[in-house]
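Notes for the one structure printed next.
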Amino acid sequence: TLATNSVDSAELIDGAVDASHLAGGVKYVGTAELAYDQSDNSTTTTWVTTGATITVAAADVVGLSKIILISDGTVRINKEAHAHAEFRWQRTAPSTANYTANICGVVGGGSEVYDQAGSIAVDSSLGVGDHTYTMYCQKAHANVNYSAAIYYRYRGWRMAAIGV
């Protein structure tokens, strides 16, 4: 048993403690960010990639029971009414899995909306290999009358994958 504060970072060899030494709890944290250019947009009624992607390497997936995905990004949606869109995480490797969509925006009034398109998903069906997750968007409810344009890179996407 070690006394409180008897070991500090000066006594540890770099890399001596990593996720393999932790019992339970968080075993992996990875982050990614997609820069913005304020011009990429979609007018599609089908799911299209935003380019916001995070990959958890196969070596990090081993020993995890689930991966919690968190994203945050600001979008601009043009439309007099029904200015809303849907965003969802999709696992694109090693196999495809879709997660519940998040709807953001407003239904009435104004010429556009600026909204946070944050989303959380939990992947508890992990396989082997690299796990890649991508954010997709579409006009809300795939309705041609909604959302004239979804500027999905209006502000940068910030993503985190937390393995437990």
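Computed from heavy atoms alone, side chains included, the values below leave out hydrogens, waters and symmetry copies.
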Completion exercise
Smallest heavy-atom separation, Leu34 atom then Ala52 atom, equals CD2-N, 3.6 Å
Practice task
Would you confirm whether Lys79, through its side chain, and Val113, through its main-chain N or O, come within 3.5 Å as a donor-acceptor pair?
Solution key: no
Problem - Interatomic spacing from CZ in Phe87 to OG in Ser71 - rounded to 0.5 Å - result: 9.0 Å
Practice task
For the pair Thr100 and Arg88, evaluate side-chain contact (heavy atoms from CB on, under 4.5 Å) and give the outcome as yes or no after the intermediate values.
Solution key: CA-CA 6 Å; Thr100 303; Arg88 77 168 183 214; over 6 Å; no
Problem - Ala57 backbone acceptor or donor facing Asp130 side chain under 3.5 Å - result: no
Problem - Whether Tyr146 and His84 hold their rings parallel, tilted or perpendicular, with breakpoints at 30° and 60° - result: tilted
Exercise for the section: Look at the side-chain heavy atoms of Ile, Leu, Val, Met, Phe, Trp and Tyr, link any pair under 4.5 Å apart, and say whether Ile150 and Tyr114 land in one connected group. Expected result: no
Exercise for the section: Consider only side-chain heavy atoms of I, L, V, M, F, W and Y, link residues closer than 4.5 Å, and tell whether Leu69 and Tyr28 are in one cluster. Expected result: yes
Exercise for the section: Measure across Tyr154 and Tyr36 and return the closest heavy-atom pair with its distance rounded to 0.1 Å. Expected result: O-CD1, 3.5 Å
Handout entry: Partner of Gln116 by side chain to side chain contact (heavy atoms under 4.5 Å, CB included), out of Asp72, Asn102, Val75
Key = Asp72
Exercise for the section: Enter the distance from Thr50:OG1 to Asn41:CG here, rounded to the nearest 0.5 Å. Expected result: 13.0 Å
Problem - Which residues share a salt bridge (charged side-chain N to carboxylate O under 4.0 Å, His left out) with Asp40, sequence neighbours left out - result: Arg153
Fill in the blank from the handout: Heavy atoms of Lys66 and Ser124 approach each other most closely as CB-CA, 3.9 Å
Handout entry: Exercise: do Asp123 and Tyr99 side chains pair donor with acceptor under 3.5 Å
Key = yes
Fill in the blank from the handout: Separation between NE2 (His82) and CG (Asn145), nearest 0.5 Å, reads 8.0 Å
Fill in the blank from the handout: Scanning both residues in full, the closest heavy-atom pair of Leu64 with Gly163 reads CD2-C, 3.7 Å
Handout entry: Any side-chain heavy-atom pair of Leu126 and Ser65 under 4.5 Å
Key = no
Practice task
State, with a plain yes or no, whether a side-chain heavy atom of Thr43 is found less than 4.5 Å away from one of Lys139.
Solution key: yes
Fill in the blank from the handout: Output for pair (Ile103 CD1, His141 NE2), nearest 0.5 Å, gives 4.0 Å
Handout entry: Spatial distance of atom OG1 (Thr132) from atom CD (Gln90) [nearest 0.5 Å]
Key = 11.5 Å
Exercise for the section: Check whether Val26 and Ile70 end up in the same hydrophobic cluster, where Ile, Leu, Val, Met, Phe, Trp and Tyr are linked by side-chain heavy atoms less than 4.5 Å apart. Expected result: yes
Problem - Single-linkage hydrophobic cluster Val56~Val62, side-chain heavy atoms < 4.5 angstrom - result: no
Exercise for the section: Ignoring hydrogens and angles, tell me if any N or O in the side chain of Trp157 forms a donor-acceptor pair with the backbone of Tyr152 under 3.5 Å. Expected result: yes
Exercise for the section: Give, for atom OG1 of Thr55 and atom CE of Met159, the distance between the pair rounded to the nearest 0.5 Å. Expected result: 9.5 Å
Exercise for the section: Indicate whether any N or O donor in one side chain lies under 3.5 Å from an N or O acceptor in the other, for Thr44 and Ser42. Expected result: no
